[in-house]
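Presented below is the structure to which this report refers.
When a ligand or atom number is given, it counts from 1 through the structure's own listing order. Keep in mind the model is a prediction, meaning the values are calculated, not measured. FYI, side chains are in, hydrogens and waters are out, and symmetry mates aren't considered; it's all heavy atoms of this structure.
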Amino acid sequence: MLSLRFMDNTIQMVDLVGQYQHIKQEVNEAIQDILDKGQYINGPIVKEFTQNLTHHLNVGHSIPCGNGTDAIQIALMALELQPGDEVITTPFTFVATAEVIALLRLVPVFVDIHPETFNLDVSKIEEAITERTKCIIPVHLFGQCCDMEPIMDIAKRYHIFVIEDNAQALGADYYFGDGQKKKGGTIGHIGTTSFYPSKNLGCYGDGGAIFTHDDELADKMRHIINHGSKTKYHYHYIGVNSRLDSIQAAILNIKLKYLDHYNQQRIQAADYYDVLLKDIPEIQIPNRSAFSDHIFHQYTLIAENRDELQQYLKKNRIPTGIYYPIPLHQHEPYQKYVRKMDLVAAENGSKTVISLPIHTELTKDSQSIIVSHIKSFYSK
Ligand SMILES: *Cc1c(COP(=O)(O)O)cnc(C)c1O
């Protein structure tokens, strides 16, 4: 299997098998240990990983849960928002963000993105606020934080909550004007993340986590993930069943040690792409904000003739991704939430973005091959 992969030199969007090879023994032993002990749910390893994660992010509390979608849902449940309450978010994100808002009978209000960072355009948030606005969910897309300082400032002035959807930027630092820095996901009232396998910190199944500095919210969310029960068969909240299992926690506990290194490997690959791609006028390389690290969950270009480029690369066996091909407000179930504000940057983004392979195992040789095909496409 492995030798085949190397022999045919296939370039992949993500290479989880290659990454696993470096930690195989550690991971296998940790999984074996759980199998030997039989503590599949809420074993001691879940607690250990949770403590390490809390420490790594320098946040008050981490609450592991079943996946990144549940994490956002549980955060919204803990804030006790009422049906009809409005939640401001971006239409240029994975569907989960808006899905859980609608699922709880809250109203997603889409605000346009900044055309270069693809994150919420902070200058457009205030005009979307009404007396029903209770929460903002900024999404730290592609590995780079939204501009959190002005977002928190708006939230404070209007008395609204902020939940950071940090499924794509776990480990990235955000820099405040006064020089202070905090990890993305630890700045809002609540932060969430996903451990889906291809995320920067991914497990080998589903997983997620919620973060907060607020003791009361943390306590509530710890119970909500487990049917709202504080002690067995006593229910204090309407809850859900959303737990991180011990095997995933054991894998994550190992991979957390390497998270900074993994993110560094992605940044190095991105830096090299930047150099290789800088002289192609038809392409705009990723924007890097002064106020945030970019840990390149995706390496996303704005490209002329995007669809033809993708087809051309596909013919040459170079995989690419389009995140996201249709902004959320244009999908049928979400159309009813559209307001007067235009969402032009999100609509343009959907037509022009293309993400290149980026992962911890990407070689410079692969990157050169990828870029040589991009160059030959534009010089046709
Ligand atoms: C992956 C992702 C989610 C959902 O995480 P799951 O673990 O797949 O449920 C939510 N929001 C964003 C921005 C994501 O990228």
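For ligand 1, the atoms sitting less than 4.0 Å from at least one non-hydrogen atom of Asn67 are 7 (O), 9 (O), numbered in the order shown with element in parentheses. Listed by atom number, the atoms of ligand 1 under 4.0 Å from Ala96 heavy atoms are 4 (C), 10 (C). Less than 4.0 angstrom separates some heavy atom of Thr93 from each of these atoms of ligand 1: 13 (C). Those atoms of ligand 1 with a heavy atom of Gly68 less than 4.0 angstrom away are 4 (C), 5 (O), 6 (P), 7 (O), 9 (O).
Put simply, part of Lys199 is less than 4.0 Å from ligand 1, judged by heavy atoms.
When His22, Gln12, Gln21, Gln19 are each tested for a side chain to side chain donor-acceptor pair (under 3.5 Å) with Glu361, only one passes: His22. For the side-chain contact (heavy atoms from CB on, under 4.5 Å) criterion with Ser246, the lone passing option out of Asn42, Val46, Leu35 is Val46. Cys135 pairs with exactly one of Leu106, Asp85, Leu81, Ile160 by the side-chain contact (heavy atoms from CB on, under 4.5 Å) rule, that one being Leu81.
The N/O atoms of Gln168, backbone and side chain alike, include one that comes under 3.5 Å of an N/O atom in ligand 1. Considering backbone and side-chain N/O of Asp206, none are found under 3.5 Å from N/O of ligand 1.
Using the six-membered ring where Trp is involved, Tyr262 and Tyr258 have ring planes that are tilted, between 30° and 60° apart. Ring geometry for Phe94 against Tyr324 counts as tilted: the plane angle lies between 30° and 60°, on a 0 to 90° scale. A tilted orientation is assigned to the rings of Tyr174 and Phe291, their planes being inclined by 30° to 60°.
With a 4.0 Å cut-off on non-hydrogen atoms, Asp165 touches ligand 1 through its side chain and not its backbone. The proximity of Val139 to ligand 1, defined as any non-hydrogen pair under 4.0 Å, is limited to the side chain.
The shortest contact between atom 9 (O) of ligand 1 and any protein heavy atom is with Thr69 OG1, 2.5 Å.
Glu86 and Arg339 are joined by a salt bridge, as a carboxylate oxygen and a charged side-chain nitrogen come within less than 4.0 angstrom of each other.
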